[in-house]
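Below: one structure, written as structure tokens.
The residues of the chain are indexed from 1 along the displayed sequence.
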Amino acid sequence: MWNSERQRGKTCDGAIAMTPCLKWGLACFALASLASCSSGEPENPDPVAGTVLRVIGAGENPGTLEPCLASRLAQLQAGEKFAAIRYRHWASHFVSTTFAEIPDGMEIRKGMRLEIVPGQCGKNELALIVREIPN
């Protein structure tokens, strides 16, 4: 009787045995989970809403700049301005900060709501400001 129960996928104590198919499925699930966690930030090509945390200009200390801004130090010194923008990822609870170059002629202030296409500073990508979101 014990062998017939084991062949049906049960052990003598009623627990489900680890069949090769179940092991394969669990391994695939684990790999898929790890692949989704391989990046610190979820990729998001669609515009999202964000809030300006601060405006970054020529007076910033170069030693305190994020890598994606430090690589653009010449632009900062030439008078270009950048914004630190906090946003919530499109389908999750993750909240991140991204950095964007402020387009010419656009007035940006702390607390302003913007629609952006996020960039990944760790990959030296800046966000793209799409438009201001009216209050």
Side-chain angles (χ1 to χ4, degrees):
M1 177 134 181
W2 186 81
N3 283 336
S4 65
E5 284 185 22
R6 185 162 178 88
Q7 289 170 350
R8 286 188 312 203
K10 296 197 175 208
T11 60
C12 59
D13 63 356
I16 295 177
M18 291 291 284
T19 63
C21 188
L22 182 60
K23 287 179 185 178
W24 178 253
L26 288 173
C28 288
F29 177 75
L31 285 174
S33 297
L34 288 174
S36 67
C37 295
S38 64
S39 171
E41 303 173 13
E43 303 249 347
N44 184 18
D46 298 324
V48 295
T51 304
V52 176
L53 296 176
R54 66 188 181 111
V55 176
I56 301 162
E60 293 289 323
N61 178 0
T64 62
L65 293 174
E66 295 289 328
C68 58
L69 295 179
S71 67
R72 293 166 172 84
L73 190 56
Q75 285 178 268
L76 271 168
Q77 291 172 342
E80 293 288 331
K81 290 187 178 180
F82 295 85
I85 303 165
R86 171 81 69 185
Y87 70 99
R88 182 174 302 278
H89 293 274
W90 61 276
S92 70
H93 62 279
F94 292 107
V95 177
S96 290
T97 300
T98 190
F99 300 89
E101 184 175 351
I102 299 173
D104 290 335
M106 186 173 202
E107 288 294 320
I108 299 286
R109 63 194 173 283
K110 183 178 178 178
M112 180 184 266
R113 302 269 300 148
L114 300 172
E115 186 175 52
I116 60 166
V117 176
Q120 292 185 348
C121 192
K123 294 181 179 178
N124 203 27
E125 297 174 357
L126 292 179
L128 174 67
I129 298 174
V130 177
R131 66 181 180 94
E132 179 181 353
I133 298 174
N135 288 332

Steps toward side-chain contact (heavy atoms from CB on, under 4.5 Å) verdict (Leu128, Ile116): CA-CA 5 Å; Leu128 174 67; Ile116 60 166; over 6 Å; no
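Atom-to-atom distance recorded for Phe99:CZ and Arg54:CZ is 6.5 Å, nearest 0.5 angstrom. In this structure, CD1 on Ile85 lies 12.5 Å from OG on Ser96, to the nearest 0.5 angstrom. The structure places CD1 of Ile129 at 5.5 Å from CG of Leu114, a figure rounded to the nearest 0.5 Å.
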Check residues 102-110 and write down every donor-acceptor pair under 3.5 Å in which the side-chain atom is one partner and the other belongs to a residue at least two apart or another chain.
none

Which pairs would a plain distance check flag for residues 66-76, meaning a side-chain donor or acceptor within less than 3.5 Å of a matching protein atom at least two apart in sequence or in another chain?
residue : atom : partner : partner atom : Å
Ser71   : OG   : Cys68   : O            : 3.2
Ser71   : OG   : Asn124  : OD1          : 2.9
Arg72   : NH1  : Cys68   : O            : 2.6
Arg72   : NH1  : Asn124  : OD1          : 3.0
Arg72   : NH2  : Asn124  : O            : 3.4

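Remark: Glu101 pairs with no residue by the salt bridge (Lys or Arg N to Asp or Glu O under 4.0 Å) rule, at least two apart or across chains. Contacts of Leu53 classified as side chain to side chain contact (heavy atoms under 4.5 Å, CB included), with partners at least two apart in sequence or in another chain: Ala84, Arg86, Thr97. For Arg113, the side chain to side chain contact (heavy atoms under 4.5 Å, CB included) test picks out Ala49, Thr51, Ile133, Asn135, with sequence neighbours left out. Legend: residues meeting side chain to side chain contact (heavy atoms under 4.5 Å, CB included) with Pro134, ordered by chain and number and at least two apart, are Arg131.
Between Ala100 and Ala127, the shortest heavy-atom contact is CB-O, 3.4 Å.
Leu65 is connected to Leu126 through a chain of hydrophobic side-chain contacts under 4.5 Å among Ile, Leu, Val, Met, Phe, Trp and Tyr, so both are in one cluster.
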